[in-house]
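In what follows, a single structure is set out as structure tokens and then discussed.
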Amino acid sequence: MQLSQVLTAITPVRAADRERALAKWNAVAKPLGSLGLLEDVVTQICAATGTLEPRISQRAVAVFCADNGVVAQGVTQTGSEVTAIVAGNVCTGATSVCKMARVAGADVFPIDMGMNTTVDDPRMWNRRIAAGTKDMSQGPAMTREEAVRALEAGVSVAEELAARGYGLLATGEMGIGNTTTSSAVASVLLNRPVSEMTGPGAGLSRAGVLHKIEVIEQAIARNRPDPADPVDVIAKVGGFDIAGMAGLCLGAALSGVPCVLDGFISTLSALCAVRLCPAAADYLIASHVSAEPAGRLLLDALGKKPILTAGMRLGEGTGAVAVMPLLDMALAVFNEMATFEDIHVEAYQPLS
């Protein structure tokens, strides 16, 4: 489906579905609102799926892998070759998100959005746009047409996973240099200084961070991305992984499947999706607040509250996977707990 068609086909969740879920929570034999954000998220899942008995036991993490030309400017501690190495390890189940996903009962799907080196493994999904982006400090990272194709590729991943029966999706990424591109996109979309958006990524020194800021500022000044046009921003200073995850968020909303966001880069991608289609926000769940400088600011821009505050900044989808057992626990209470009527006790009443 073309991006323009996707954006017009996504509909907000129904207020009636949200109210029905709230009423069910209030009938459960426990103090009102006592599970806090977990109640809010279950209510959101019910509204997104249109049922009071959502099924999220089949869940998938899509890890979007891509390389970024800006690495040539020395903004990372490691070289681009690491992207394909780690992506190959995702295929074999050897990375952090794979280990955590096994505990959380989630399937991990690596997606090649545009790595410099292809990974020869049948478990790798091929959605390649190009062999990495261009160096955004020297010109646009990609063409607008490539950005649209990358967004549409992410939509197609979500649609295929939904068609396979997955009732909960999660965003993940792998790409050396993608905190640089994400900081650039965040700075433009939030209209804030690059220095506020930029952190050490995978381990830069203070001097390295200052250089990273200079490179991002150069890229923005040279390309002049339009903050009112998320596709333009992605094309000029973004990455294929950012576009792919934004597309996954849109595709999840289109399919009526809730989507759990990971950290900084995933949340930035979600902001791109919501700027393109505000209704998509109804289907997005914030897992945690990243330790990267822009982590909290991006959540605020989305109007989302994180379930976890654990100082995480690993990426890959690890934060999204970490909250899945908590969602299972909350749904166990929601679906299995006796009601006040069942135990013949007068229900709590809201005091305000």
Contact summary for [X] and [Y], nearest pair of heavy atoms:
X      : Y      : result
Val70  : Gly177 : CG1-O, 4.4 Å
Val209 : Pro200 : CG2-CA, 3.7 Å
Ile45  : Pro54  : CG2-CB, 3.7 Å
Arg222 : Gly139 : CD-N, 4.0 Å
Pro230 : Arg275 : CG-CB, 3.5 Å
Gly74  : His211 : O-CD2, 3.5 Å

Using a cut-off of 6.0 Å, state whether more than 12 heavy atoms not belonging to [X] lie near its atom [atom1].
X      : atom1 : value
Gln58  : CD    : yes
Asn126 : CG    : yes
Arg14  : CZ    : no
Arg149 : CZ    : yes

Any side-chain heavy atom of [X] within less than 4.5 Å of one from [Y]?
X      : Y      : result
Val13  : Arg18  : yes
Thr95  : Cys98  : yes
Cys272 : Leu189 : yes
Gln73  : Gln218 : no
Thr309 : His288 : no
Val63  : Val61  : yes
Ile10  : Val6   : yes

Stepwise salt bridge (Lys or Arg N to Asp or Glu O under 4.0 Å) test for Lys30 and Glu39: CA-CA 12 Å; Lys30 63 172 190 56; Glu39 293 191 28; 2.4 Å; yes

Donor-acceptor side-chain pairing of Thr43 and Asp40 below 3.5 angstrom: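 Not at all, the side chains of Thr43 and Asp40 share no donor-acceptor pair under 3.5 Å.
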
Residues Asp107 and Tyr166: side-chain donor-acceptor under 3.5 angstrom: yes

Check: [X] side chain, [Y] main-chain N or O, donor-acceptor pair, under 3.5 Å:
X      : Y      : answer
Asn223 : Ala219 : yes
Thr76  : Ile176 : no
Ser187 : Ala184 : no
Arg59  : Ala104 : yes
Asn89  : Ala94  : no
Thr8   : Gln5   : yes
Arg313 : Gly201 : yes
Arg128 : Gly114 : no
Asp226 : Ala228 : yes
Thr133 : Gly69  : yes

Qualifying residues under side chain to side chain contact (heavy atoms under 4.5 Å, CB included), relative to Glu152, sequence neighbours excluded: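 Counting only residues at least two positions away or on another chain, Glu152 forms a side chain to side chain contact (heavy atoms under 4.5 Å, CB included) with Gln2, Leu3, Val148.
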
Take Ile111 and Glu173 through the test side chain to side chain contact (heavy atoms under 4.5 Å, CB included) and record every step on the way to the result. CA-CA 9 Å; Ile111 318 293; Glu173 41 65 36; over 6 Å; no

Indicate yes or no: does Arg127 engage Glu160 in a salt bridge with an N to O separation below 4.0 Å.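 Judged by the 4.0 Å cut-off on N to carboxylate O distance, Arg127 and Glu160 do form a salt bridge.
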
With the threshold set at 4.0 Å, does a side-chain nitrogen-carboxylate oxygen contact exist between Glu53 and Arg55? yes

Criterion side chain to side chain donor-acceptor pair (under 3.5 Å) on Asp262 and Thr171, from CA distance to verdict: CA-CA 6 Å; Asp262 190 34; Thr171 54; over 6 Å; no

Tell me, with the steps shown, if Met174 and Val90 meet side chain to side chain contact (heavy atoms under 4.5 Å, CB included). CA-CA 9 Å; Met174 177 56 217; Val90 175; 5.6 Å; no

From [atom1] ([X]) to [atom2] ([Y]), nearest 0.5 Å:
X      : Y      : atom1 : atom2 : value
Glu292 : Ser183 : CD    : OG    : 6.5 Å
Asn68  : Asn116 : CG    : CG    : 9.0 Å
Ile234 : Thr181 : CD1   : OG1   : 10.5 Å
Phe334 : Leu327 : CZ    : CG    : 13.0 Å
Leu169 : Ile56  : CG    : CD1   : 11.5 Å
His344 : Asp342 : NE2   : CG    : 7.5 Å

Would Leu35 and Trp25 count as a side chain to side chain contact (heavy atoms under 4.5 Å, CB included) here? Give the steps. CA-CA 10 Å; Leu35 286 180; Trp25 266 126; 3.9 Å; yes

Before giving the answer on side chain to side chain donor-acceptor pair (under 3.5 Å), spell out for Thr179 and Lys212 the whole-Å C-alpha distance, their side-chain angles and the decisive distance to 0.1 Å. CA-CA 10 Å; Thr179 60; Lys212 184 176 176 181; 2.8 Å; yes

Might you work through the side chain to side chain contact (heavy atoms under 4.5 Å, CB included) test for Asn335 and Lys24, ending with a clear yes or no? CA-CA 9 Å; Asn335 290 324; Lys24 182 174 177 179; 3.6 Å; yes

Taking the six-membered ring for Trp, are the ring centroids of Phe64 and Phe109 within less than 6.0 Å of each other? no

Check residues 297-308 and write down every donor-acceptor pair under 3.5 Å in which the side-chain atom is one partner and the other belongs to a residue at least two apart or another chain.
residue : atom : partner : partner atom : Å
Lys304  : NZ   : Ala281  : O            : 2.6
Lys304  : NZ   : Leu284  : O            : 2.8

Identify each donor-acceptor pair in which a side-chain atom of residues 237-253 lies under 3.5 Å from a protein atom, sequence neighbours left out, and give them as a table.
residue : atom : partner : partner atom : Å
Asp241  : OD2  : Asn178  : ND2          : 3.0

